[in-house]
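Taking it in order: structure first as structure tokens, then the write-up.
Excluded from the calculations below are hydrogen atoms, water molecules and symmetry mates; all remaining heavy atoms, backbone and side chain alike, are included. All values derive from a computational prediction rather than experimental measurement. Letters A, B, ... mirror the listed sequences (proteins, then strands); counts begin at 1.
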2 protein chains.
Amino acid sequence: MGLVKSEIFTHQQNLLASFAKVLGHPARIAILQHIFKSESCICGDLVEEIGLAQATISQHLKELKTIGLIKGNIEGTSVCYCINPEAWSSMKIVLFDFLNKDLNRESNCC
Amino acid sequence: MGLVKSEIFTHQQNLLASFAKVLGHPARIAILQHIFKSESCICGDLVEEIGLAQATISQHLKELKTIGLIKGNIEGTSVCYCINPEAWSSMKIVLFDFLNKDLNRESNCC
DNA sequence: ATTATATATTGCAATATTACGATTAAGGGA
DNA sequence: TCCCTTAATCGTAATATTGCAATATATAAT
């Protein structure tokens with residue numbers, strides 16, 4: 001085991017969980033916050049900014065890229081990362097929709 | 001390794017990641033959706049509803065309880081679970097604040 | 001008391017994640 | 001061309017997660 005049984009869940013549930021999972025590590029949160037903080041793209045000062053090894057940062061960037069949240073543009077010898085606005089928006093929609101489920105509830109029983 | 005270096009991140013980053021992490025599994029999403037769908041508390045029809053073993057569901061419930069998102073009330077021989085509104089609200093605040101970071105940006109460079 | 005029902009816990013196997021050193025690949029500049 | 005810089009990838013060790021059978025616990029009903 002150690003293997004998620006994705007096939008027993010809906011596409012929506014798996015999608016939501018995937019987005020949440022990629023946000024489920026402080027280094028990836030820090031990377032995204034750093035991209036937002038900088039006005040333009042961020043070009044690889046992440047390693048010194050966050051205190052992790054270059055290989056580790058690169059691995060986290062890969063996960064963010066795989067799910068589509070960030071894009072990387074090669075710029076000479078370095079790579080420039082920025083948010084993918086479409087993916088970010090669709091993640092927001094999926095998450096907001098879920099998180100706002102409680103608005104439909106008027107009472108809690110316990 | 002296999003161990004998150006939490007000490008190099010801020011409390012806010014770790015908190016946000018913790019909430020996202022617990023949402024990062026489709027079974028836990030399904031459990032929360034089931035609690036929301038039912039009008040009152042949900043008393044352990046989760047095992048048949050979701051297709052996982054009883055021990056596995058119990059483990060996922062434990063994680064949701066540990067982070068405070070749900071509460072369990074013993075009711076006779078069964079246990080009644082419901083959302084903890086305070087914890088849910090604080091999770092929403094933390095997540096919304098992060099997800100809305102893009103509103104401050106007027107342009108993307110790539 | 002005994003049995004039935006419902007949930008938690010334990011123990012374990014399979015797989016995933018995190019982190020990092022070492023290496024590789026690709027440009028840029030001397 | 002030969003280095004230097006930057007980032008990706010590989011390999012690997014340590015730890016975490018997922019899932020389940022078996023067992024334990026606790027209450028209800030007979």
With the side chain defined as heavy atoms from C-beta on, A:Thr77 is closest, among D:dT18, D:dT5, D:dC20, to D:dT5

note: A:Lys5, atom NZ; C:dA16, atom C1'; distance rounded to Å ~ 17 Å

Parallel, tilted or perpendicular, as decided by the 30° and 60° cut-offs, for the rings of B:Phe96 and A:Phe96: parallel

(message) Check this for me: does the side-chain of A:Gln54 come within 3.5 Å of the base of D:dA8 through a donor and an acceptor?
(response) yes

Taking for A:Ser6 and for A:Val79 the nucleotide of DNA chain D with the nearest heavy atom, the one nearer the 5' end belongs to A:Val79

Heavy atoms under 4.0 Å, any strand shown: does B:Ala55 hit a base, just sugar-phosphate, or nothing? base

Using a cut-off of 4.0 Å on non-hydrogen atoms, how would the nucleic acid contact of B:Ser78 be classed: base, sugar-phosphate, or nothing?
sugar-phosphate

State plainly whether the residues B:Lys37 and B:Glu49 are in salt-bridge range, i.e. N to O under 4.0 Å.
yes

Q) How is A:Glu63 classified with respect to the nucleic acid when contacts are heavy atoms under 4.0 Å: base, sugar-phosphate, or nothing? A) sugar-phosphate

Whole-Å distance, B:Leu64 CG to C:dT7 C1', equals 16 Å

Testing D:dG19, D:dA21, D:dT9 for proximity to the side chain of A:Lys62, the answer is D:dT9

Against the side chain of B:Met1, the closest entry in C:dA8, C:dT18, D:dG19 is C:dT18

Here the distance between atom P of D:dA7 and atom CG of A:Leu61, to the nearest Å, is 9 Å

task: Mind running side-chain hydrogen bond (donor to acceptor under 3.5 Å, both in side chains) on A:Asn84 and A:Lys65 for me, showing each step along the way?
output: CA-CA 9 Å; A:Asn84 180 346; A:Lys65 261 185 293 184; over 6 Å; no

The nucleotide from D:dA8, D:dC20, C:dA19 with an atom nearest the side chain of A:Thr56 is C:dA19

- For C:dA8, does OP1 or OP2 lie under 4.0 Å from any side-chain N or O of B:Tyr81? yes

Closest to the 5' end of DNA chain C, once A:Lys21 and A:Gly76 are matched to their nearest nucleotides, is A:Lys21

Side-chain contact check for B:His60: nearest option of D:dT18, D:dA16, D:dA8 is D:dT18

Assert: residue with more 5' nearest nucleotide on DNA chain C, out of A:Leu3 and B:Phe9, is A:Leu3

*Run the salt-bridge test on B:Glu86 and B:Lys71 with the 4.0 Å N-O cut-off and return the result as yes or no.*
no

- prompt: How would you label the contact of B:Leu52 with the nucleic acid (heavy atoms, under 4.0 Å): base, sugar-phosphate, or nothing?
  reply: sugar-phosphate

* **Aromatic plane relationship, A:His25 with B:Phe9 - under 30° parallel, 30 to 60° tilted, over 60° perpendicular** => perpendicular

In whole angstroms, the gap separating P of D:dA7 from CD1 of A:Ile50 amounts to 13 Å

To the nearest angstrom, the CG-C1' distance between B:Leu46 and C:dA8 comes to 15 Å

